[in-house]
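Encoded as C-alpha cells, the structure appears first; notes follow it.
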Amino acid sequence: MLVIHNSLTQRKEEFRPLEAGKVSIYVCGLTVYDYVHLGHARMLVAFDVIVRYLRARGFEVNYIRNITDVDDKILNRATENEEWYGDVTERFIAAMHEDERALAILPPDQEPRATEHIDEIVAMIEVLMDKDLAYRADNGDVYFSVMQYPDYGKLSKKKLDELLDGARVEVGELKRDPRDFALWKASPDDGVGWDSPWGYGRPGWHIECSAMSTCALGDNFDIHGGGSDLMFPHHENEIAQSEAATEKPFANMWMHNGPLRVDDEKMSKSLGNFFTVREVLQNYDAEVVRHLLIASHYRSPINYSEQSLKQSIKALERFYQCLKDLSLSDAKWLTNSRFEKAFFAAMDDDFNTPKAFGVLYDMVSEINRQKAANPDLANQLGRLMVKLGGILGLLQSSPSDFLQRGGSAELDVAKVEDLIAQRERARQDRDWHRADEIRAQLAAMKVVVEDAVGGSSWRIER
RNA sequence: GAGACCGUGGCAGAGAGGAAAUGCUGCAGCCUGCAAAGCUGUGAUGCGUCGGUUCGAAUCCGACCGGUCUCUCCA
C-alpha cells in the first residue's frame, strides 16, 4: 500500500488515484530569470524520485511541471540586460535543461509555459468575473476576492481574519480587501502584455498554475507538488481560484518538499552562501550532489555543507566499490528478493529514501559477503541493486568510471597506468621499497592504488 | 505577534505504542608484504527537560527549554 503525506490533512494517507493505475501530478516549476540554484535542484530531484518510483511501481504517470516565463523578475532582468524578455527566458530555460540533464532529472511529460496559455488563463479569469468572485480595479488590474472563498487558508492553516493583520497595505491600494490577490496585471501600452477583456496586461503568477494544471490534467487531479515555501500564498491562492471557478475539488493531495539550507543557514545571495547548480558541479560530481539531495527524506530540511558532500562521496564509493568486481550483464534477474521487497516497502511509506538507502547498504554488505561464497548470487544481487538504485536515479555509471572520474584536469591516466604496471613488476620482484615509492608517487597525484588477487586497480582520492 | 514543524549515538539520518535501521567516524580482530578496499565485533540502558496516560512511550497528552520555517508573487 502506497502512503503519501498530504499537506492538506497534514498526515499520511493511502494513495488512491482518480483512475486506477494512473497518476496525474502537477508540480510548480521555475521562474526563468536566472540559473538553477541548489534549492531548485532539491525540488526537481525530490519530484524526479517520486515520479520515477511511481513508474517503477507500475503507475502510468502524467507528470506536468510548468515554466513561468513572464513575471516581474523576468521583465526586470530583461530591462537590466537591455534585451527582449523572451531572450532572457529562452536562455535560462536552455540552461535549466542542461542542469537537469546533469543531475539525471528526467523531463516531465509536459512542460507548459505561461505565455503559451494566455487563452486558458483569460478564460478562467472570465469565469471568476462572471461569478462575481473577481473584480477589475480602475487601472485594469483584476483581483480575486478572497472573502468570497470561505475555505481560504485550508492548506496553510491560516485564518482569514488573522491574515488581515499581517496583510500589507500599499499606498494607493487598488484592492477592495488587502487579502485579495492579482489575477491579471495591467501593462503599459509599450510593455509586455496581451489583450484581454479588462485591457492590455499579463497574468498574475497564481492563476498561471491553476490554468496550466487544469488544462493538462483537468479540474480535479491526483497530486499537486512544490516547495514548502509556496504553500502560502501561491498554493493557497491556486486552490481558491480553481475551486471557486470549477466548484470541484482541485488537487486531491498536496506534496511539499522541505527547504535546502547551506551551512545551517538559509541560502541567500546576501549571506554569500548562494550556489547555482552549475557552480557546484564544477567542484563536485553530479551524482554526489544528487545523492546528497535524496539522502534525507523529501519533507525534511537538507543541510548542504562540505561535510554532507563528503558523506555522499563516501556513500557512493561504497556502492561502486561493491559493484566494481561484479559482472552484471550475464547475471540472472532475482525475483522475490527480500531486498527488493524491503526497498519498495520503504518507498511505499511516503517515499522514504533514507530507509530505502538502508536497504541498499544491507545489499552491499550481503554482496560483499557473497563475492567469495557465492559469486553468482553476488552478481544477481548486484544487478538488482543497480536496478533499485536506478529508481533513485543513482548507480547508473560504470564503477570504474565513477571511481576514476573527477580527478584534477591534468591527471595523466596513461602515466597512472604506467606507474601501476611498474609497481606490479616491483611487487612481483618483492621489491616492497620500490612498490611503496610508486604508491606514494601516485598518492601525490590523488590516486589510490588497491591491490587485489586479480591485479591492482586505482581510484581518485576525492 | 499569528500559524506550522523539529529536537534520536562523535556526525549524518530512519523509526511514530511492545527487541533504538543504516552510512560515516572511533576502537579491536581477520585479510594484506605493508596499505587500501572488504569482512567480523564493538559503540545511544538511551531518543531536549519535567510531568501525565498505558501492563508497556523515542513514539500519545501537557508544560517548559532550544531550534527552524511561513505570514501576499522565494523551489
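Within every chain, numbering begins at 1; the chains are lettered A, B, ... in the order of the sequence lines, protein sequences first and strands thereafter. Only this structure's heavy atoms are used, side chains among them; waters, hydrogens and symmetry mates stay out. Bear in mind that the values here come from a model prediction, so they are computed numbers and not experimental data.
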Using a distance-only test with no angle check, is there a side-chain donor-acceptor pair under 3.5 angstrom linking [X] and [Y]?
| X | Y | answer |
| --- | --- | --- |
| A/His235 | A/His256 | yes |
| A/Arg318 | A/Ser365 | yes |
| A/Asn237 | A/Tyr152 | yes |
| A/Tyr298 | A/Asn352 | no |
| A/Lys324 | A/Gln321 | yes |
| A/Glu208 | A/Thr68 | yes |
| A/Glu306 | A/Tyr284 | yes |

Is the ring centre of A/Phe275 less than 6.0 Å from the ring centre of A/His37?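 No.
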For the aromatic rings, using the six-membered ring if either is Trp, is the centroid distance between A/His291 and A/Phe357 under 6.0 Å?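 Yes - the distance between ring centres of A/His291 and A/Phe357 falls below the 6.0 Å cut-off.
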What does [X] touch in the nucleic acid at a heavy-atom separation under 4.0 angstrom: a base, only the sugar-phosphate, or nothing?
| X | result |
| --- | --- |
| A/Arg423 | base |
| A/Val449 | base |
| A/Leu30 | sugar-phosphate |
| A/Gly226 | sugar-phosphate |

Can you tabulate the close N/O pairs, meaning under 3.5 Å, that link protein atoms to atoms of nucleotides 7-9 of chain B?
none

Name the pairing partner of [N], where a pair is Watson-Crick or G-U wobble with both distances under 3.5 Å, or state none.
| N | value |
| --- | --- |
| B/rU59 | none |
| B/rU53 | none |
| B/rU42 | B/rG26 |
| B/rG1 | B/rC71 |
| B/rG9 | none |

Can you find a heavy atom in the side chain of A/Met363 that is under 4.5 Å from one in the side chain of A/Leu384?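 Yes, their side chains come closer than 4.5 Å.
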Answer whether the closest heavy-atom distance between the side chains of A/Leu106 and A/Arg52 falls below 4.5 Å.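 Sidechains of A/Arg52 and A/Leu106: in contact.
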Given the [atom1] atoms of [N] and [M], what is the spacing between them in whole Å?
| N | M | atom1 | answer |
| --- | --- | --- | --- |
| B/rG13 | B/rC50 | C1' | 27 Å |
| B/rG1 | B/rG15 | P | 32 Å |
| B/rC24 | B/rC60 | C1' | 34 Å |
| B/rA20 | B/rC47 | C1' | 8 Å |
| B/rG17 | B/rA57 | C1' | 6 Å |

If I take atom CG in residue A/Asp451 and atom C1' in nucleotide B/rA35, what distance separates them, rounded to the nearest angstrom?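 Rounded to the whole Å, the gap is 8 Å.
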In whole angstroms, how far is the C1' atom of B/rC11 from the CD1 atom of A/Ile313?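 Between C1' of B/rC11 and CD1 of A/Ile313: 16 Å.
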Which nucleotide sits closest to the side chain of [X]: [options]?
| X | options | value |
| --- | --- | --- |
| A/Trp205 | B/rC73, B/rG33, B/rU22 | B/rC73 |
| A/Lys314 | B/rC73, B/rU22, B/rU25 | B/rU25 |
| A/Glu450 | B/rU70, B/rA36, B/rC73 | B/rA36 |

Donor/acceptor link under 3.5 angstrom from A/Asp229 side chain onto base of B/rC69: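 Not at all, since no donor on one side and acceptor on the other fall under 3.5 Å apart.
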Cation-pi, A/Phe232 ring and A/Arg179 (6.0 angstrom, 45 degrees):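 Negative - A/Arg179 is either too far from the ring of A/Phe232 or too far off its axis.
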Stacked cation flag A/Arg176 on A/Tyr135, 6.0 angstrom / 45 deg: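 Yes - A/Arg176 lies over the ring of A/Tyr135, closer than 6.0 Å to its centre and within 45° of its axis.
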If you pin A/Lys266 and A/Pro259 to their nearest nucleotides in RNA chain B, which one's is more 5'?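 Closest to the 5' end, via its nearest nucleotide, is A/Lys266.
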For A/Gly258 and A/Ala452, find the nucleotide of RNA chain B closest to each by heavy atoms; which residue's nucleotide sits nearer the 5' end?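 This one resolves to A/Ala452.
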Within the sub-3.5 Å range, which N or O atoms of nucleotides 2-6 of chain B have a protein N or O partner, and how far apart are they?
from, atom 1, to, atom 2, distance (Å)
B/rA2, O2', A/Glu162, OE1, 3.2
B/rG3, O2', A/Lys157, O, 3.2
B/rA4, O3', A/Gln10, NE2, 3.1

Answer yes or no: is there a donor N or O on one side and an acceptor on the other, between the side chain of A/Ser156 and the main chain of A/Met231, under 3.5 Å?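 Checked: no pair found.
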Under a 4.0 Å heavy-atom criterion, the protein footprint on nucleotides 38-43 of chain B, written with B, S and -, is SSS---
N/O contacts under 3.5 Å, protein versus nucleotides 12-15 of chain B?
from, atom 1, to, atom 2, distance (Å)
B/rA14, OP1, A/His297, N, 3.0
B/rA14, OP1, A/Ser300, OG, 3.4
B/rA14, O3', A/Asn352, ND2, 2.9
B/rG15, OP1, A/Asn352, ND2, 2.7

Distance check, rounded to the nearest 0.5 Å: A/Phe144 atom CZ versus A/Ser210 atom OG?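 Here the rounded value is 9.5 Å.
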Residues in side-chain contact (heavy atoms from CB on, under 4.5 Å) contact with A/Lys73, at least two apart in sequence or another chain: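 side-chain contact (heavy atoms from CB on, under 4.5 Å) list for A/Lys73, sorted by chain: A/Tyr33, A/Asp71.
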So which of A/Ile121, A/Asp69, A/Val192 actually passes side chain to side chain contact (heavy atoms under 4.5 Å, CB included) with A/Thr115?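 Looking at A/Ile121, A/Asp69, A/Val192, the match for A/Thr115 under the side chain to side chain contact (heavy atoms under 4.5 Å, CB included) is A/Asp69.
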Using a 4.0 Å cut-off on heavy atoms, which residues in residues 424-443 of chain A reach RNA chain B? List them by number, or say none.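 A/Arg427, A/Trp432, A/Asp436, A/Arg439 - these, ordered by number, are the residues of the stretch whose heavy atoms sit under 4.0 Å from the strand.
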